[in-house]
Colleague: 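Before I ask anything, here is the structure I am working with.
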Amino acid sequence: MNQKEKDIFFTDRLMYWHRVDNKRDMPWKGEHDPYRIWISEIILQQTRVEQGTGYYHRFIKAFPTVEKLAKAADDKVFKLWEGLGYYTRCRNLIRAARLIHTEMENVFPASYECILALPGVGPYTAAAISSFAFNLPHAVVDGNVFRVLSRFFGITEPIDTASGKKNFSDLANRLIDKKRPGSFNQAIMDLGAVICKPRLPSCDQCPLKIHCTAYLKDRIAALPVKGKKPERIERYFYYLVIRYNDKVYVRKRKGQDVWKDLYEFVLFEENRPVSMSRLKKLTFIPDKTGLATCRVTGISETHIQQLTHQTITARFIELRSNSPVSIPGYRAVKPSALLKLPFPKLITHYFKSIG
DNA sequence: AAGTCGGGGTT
DNA sequence: AACCCAGACTT
């Protein structure tokens, strides 16, 4: 079997499987509104379908059109994104919606290049929207596609290099069904999610197995090849939950660190754990300005959050003040307002723990 | 090219 | 505990 025949086998078998045997269903399947497809694709970046589905429904209900999203307050949008992670996606979603609102008369761009130019939209998302909404022949390349193609064609080149990405993209675009690019993209991702899974793939049910290189050579577990593996660093957060009357002090996180645009309490970060005795006296805080009128009323258990590149261990030190406290960058908010602000999972877990 | 950005499910 | 998920952006 030569290369061309193998290409044709791949596409034809994949499309037949999709038409006849693919039972995977998702809320946005068959959707052609580019706005809704865009929302779903951004939500699903590095996110499992099961995890993103609820967010998708809530988002579309709150913001049924790009104009509604463009006109919404930042914190209201972030509140809907709360808990989903990768919060830059939310920031870019807002930016793009406002671009479409103010510069494109609320009409979603209809070409691959213009879609790709939107903030938060990369090659994958541009191809997905192009093919699903506008039936344009651009092949998606996501984690599923890397896996399916590397295994079927026995490609050992790493997928996380510029060259590797280009080669996989070129291959996918060579294979794509030009008549039904949207269906092809859906099919290959579904096959990767349902059959050609990362571990313990269901090769016995695979429509491609008779010509799958990895299956025939028993190389399934070795593909795809990835290069880098991140090192995880340890961080220790000490949050001062300072109350004066019924208000508590918070700020919005800025800079380039994790949880940008989410809220938090008064933070002191250490390189190593701080002992309980020091916590009770707050002796680890270099500048105690403004805390003179505070007394410690409680110290929480440690709350641990595992992120991809770091492990954050946090404790919440609850304080009461008998006078207003002035802390640069922080403001006091009522409990009712607090509930409307977006917080990282670490802090919402703390909320749950204290009721 | 390498590093960074979350949170959760699977094995 | 390691790996991965409908990736994109910054440095």
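In what follows, chains are A, B, ... by sequence order, proteins preceding strands, each numbered from 1.
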Colleague: Check every strand shown and say whether Gly83(A) touches a base, only sugar-phosphate, or nothing at a heavy-atom separation below 4.0 Å.
Modeller: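 Answer is sugar-phosphate: Gly83(A) comes under 4.0 Å of backbone atoms only.
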
Colleague: Rounding to an integer number of angstrom, what distance separates dC3(C) and dG6(B) when you compare their C1' atoms?
Modeller: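 That atom pair is separated by 15 Å.
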
Colleague: Do Thr308(A) and dG6(B) have a side chain to base donor-acceptor pair shorter than 3.5 Å?
Modeller: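 It does, because a donor-acceptor pair links the side chain of Thr308(A) to the base of dG6(B) below 3.5 Å.
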
Colleague: Consider the side chain of Tyr87(A), meaning its heavy atoms from C-beta on, and name the nucleotide among dC4(C), dA6(C), dG6(B) that approaches it most closely.
Modeller: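 Of dC4(C), dA6(C), dG6(B), dG6(B) is nearest to the side chain of Tyr87(A).
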
Colleague: So, OP1 or OP2 of dC5(C): does either fall under 4.0 Å of a side-chain N or O from Tyr86(A)?
Modeller: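 Answer is no, no contact under 4.0 Å.
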
Colleague: If you find the nucleotide of DNA chain B closest to Ala162(A) and the one closest to Val258(A), which residue's nucleotide is nearer the 5' end?
Modeller: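 Nearer the 5' end of the strand: Ala162(A).
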
Colleague: Does Trp259(A) make a side-chain N or O approach to OP1 or OP2 of dG7(B) shorter than 4.0 Å?
Modeller: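 The answer is yes; a side-chain N or O of Trp259(A) sits under 4.0 Å from OP1 or OP2.
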
Colleague: If I take atom CD1 in residue Ile39(A) and atom P in nucleotide dA6(C), what distance separates them, rounded to the nearest angstrom?
Modeller: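 That distance rounds to 19 Å.
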
Colleague: Identify whether any heavy atom of Gln186(A) sits under 4.0 Å from a base atom; if not, whether one sits that close to sugar-phosphate; answer base, sugar-phosphate or nothing.
Modeller: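 Here Gln186(A) touches the bases of the nucleic acid.
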
Colleague: What is the distance, to the nearest angstrom, from the CG atom on Asn144(A) to the P atom on dC5(C)?
Modeller: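 Taking CG of Asn144(A) and P of dC5(C), I get 6 Å after rounding.
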
Colleague: Can you find a donor-acceptor N/O pair under 3.5 angstrom joining the side chain of Gln306(A) to the base of dA1(C)?
Modeller: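 Such a pair does not exist between side chain and base.
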
Colleague: Ignoring hydrogens and angles, are the base of dG7(C) and the side chain of Thr47(A) linked by a donor-acceptor pair under 3.5 Å?
Modeller: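 Donor-acceptor pair under 3.5 Å: no.
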
Colleague: Please state whether the phosphate of dG8(B), meaning OP1 or OP2, lies under 4.0 angstrom from any side-chain nitrogen or oxygen of Lys345(A).
Modeller: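 Indeed, a polar side-chain atom of Lys345(A) lies that close.
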
Colleague: Check the distance between dG6(B)'s P and Gln305(A)'s CD and give it to me in whole angstrom.
Modeller: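 Spelled out: CD on Gln305(A) to P on dG6(B) is 10 Å.
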
Colleague: Any side-chain N or O of Arg147(A) less than 4.0 Å from the OP1 or OP2 oxygen of dC5(C)?
Modeller: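 Affirmative; the distance criterion is met.
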
Colleague: Under 3.5 Å, is there a donor on one side chain and an acceptor on the other for Glu41(A) and Tyr124(A)?
Modeller: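 There is such a pair (donor and acceptor under 3.5 Å, judged by atom type) between the side chains of Glu41(A) and Tyr124(A).
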
Colleague: Figure out the NZ/C1' separation between Lys165(A) and dG7(C), and round it to whole Å.
Modeller: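 Computing the Lys165(A):NZ to dG7(C):C1' distance gives 9 Å.
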
Colleague: Is a donor from one side chain sitting under 3.5 angstrom from an acceptor on the other, for Tyr239(A) and Glu264(A)?
Modeller: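 There is such a pair (donor and acceptor under 3.5 Å, judged by atom type) between the side chains of Tyr239(A) and Glu264(A).
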
Colleague: Measure the shortest side-chain to side-chain distance between Asp142(A) and Leu44(A) over non-hydrogen atoms and say whether it is less than 4.5 angstrom.
Modeller: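 No - every pair of side-chain heavy atoms lies 4.5 Å or more apart.
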
Colleague: Counting side-chain heavy atoms from C-beta on, which of dA8(C), dG6(B), dA6(C) comes nearest to Thr125(A)?
Modeller: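 The answer is dA8(C).
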
Colleague: Quick one: Tyr56(A) OH to dA6(C) C1', roughly how many Å, whole number?
Modeller: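 Taking atom C1' of dA6(C) as the reference, OH of Tyr56(A) is at 14 Å.
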
Colleague: If I pick the C1' atom on dC5(B) and the same atom on dC4(C), what distance separates them, to the nearest angstrom?
Modeller: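 Straight-line distance between the two C1' atoms is 16 Å.
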
Colleague: Going from CE on Met26(A) to CD on Glu31(A), what distance comes out if it is rounded to the nearest 0.5 angstrom?
Modeller: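 That separation rounds to 12.5 Å.
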
Colleague: Apply the test side chain to side chain donor-acceptor pair (under 3.5 Å) to residues Ser163(A) and Thr161(A): give CA-CA distance (whole Å), side-chain angles for both, the deciding distance (0.1 Å), then the verdict.
Modeller: CA-CA 5 Å; Ser163(A) 165; Thr161(A) 64; 4.9 Å; no

Colleague: Kindly point out which of dA6(C), dA8(C), dG8(B) is positioned nearest to the side chain of Asp190(A)?
Modeller: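 So the nucleotide nearest the side chain must be dA6(C).
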
Colleague: With side chain to side chain contact (heavy atoms under 4.5 Å, CB included) as the test, would you mind laying out the steps for Phe237(A) and Leu267(A) before giving the verdict?
Modeller: CA-CA 7 Å; Phe237(A) 283 13; Leu267(A) 172 65; 3.6 Å; yes

Colleague: Using heavy atoms to find the nearest nucleotide of DNA chain C for Pro224(A) and Arg95(A) separately, return the residue whose nucleotide is more 5′.
Modeller: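 Looking at the nearest nucleotide for each, Pro224(A) comes out on the 5' side.
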
Colleague: Give Trp28(A) one of three labels, base, sugar-phosphate or nothing, depending on what nucleic acid heavy atoms sit under 4.0 Å from its own.
Modeller: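 Base contact - Trp28(A) has a heavy atom under 4.0 Å of at least one base atom.
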
Colleague: Taking the nucleotide of DNA chain B with the closest heavy atom to each, which residue, Leu200(A) or Phe343(A), is nearer the 5' end?
Modeller: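 Result of the comparison: Phe343(A).
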
Colleague: Within this structure, what is the CG-to-C1' distance between Asp257(A) and dG3(B), rounded to whole angstrom?
Modeller: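 These atoms are roughly 13 Å apart.
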
Colleague: What's Val145(A) touching, base or sugar-phosphate or nothing? Going by heavy atoms closer than 4.0 Å.
Modeller: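 Contact class for Val145(A): none.
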
Colleague: When the aromatic ring centroids of Tyr249(A) and Tyr330(A) are compared, is their separation below 6.0 Å?
Modeller: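 Distance test on ring centres: not under 6.0 Å, no.
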
Colleague: Between dG9(B) atom P and Arg199(A) atom CZ, what is the distance in whole Å?
Modeller: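 The answer, rounded to whole Å, is 16 Å.
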
Colleague: Name the closest nucleotide to the Asn92(A) side chain, picking from dC4(C), dG6(B), dC9(C).
Modeller: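 In terms of side-chain proximity for Asn92(A), the closest of dC4(C), dG6(B), dC9(C) is dC9(C).
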
Colleague: Taking the same atom, P, in dA8(C) and in dG8(B), what whole-Å distance lies between them?
Modeller: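 That atom pair is separated by 22 Å.
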
Colleague: Between Gln51(A) (CD) and dC4(C) (C1'), how many Å, whole number?
Modeller: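 To the nearest whole Å, that distance equals 12 Å.
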
Colleague: Does a side-chain N or O of Gln45(A) approach OP1 or OP2 of dC5(B) to a distance below 4.0 Å, or not?
Modeller: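 Result: no.
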
Colleague: Heavy atoms only, 4.0 Å cut-off, all strands: where does Leu84(A) land among base, sugar-phosphate and nothing?
Modeller: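 Counting heavy atoms under 4.0 Å across all strands, the contact made by Leu84(A) includes a base.
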
Colleague: Looking for any heavy atom pair under 4.0 Å, which part of the strands does Glu50(A) touch: base, sugar-phosphate only, or nothing?
Modeller: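 The residue Glu50(A) makes no contact with any strand.
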
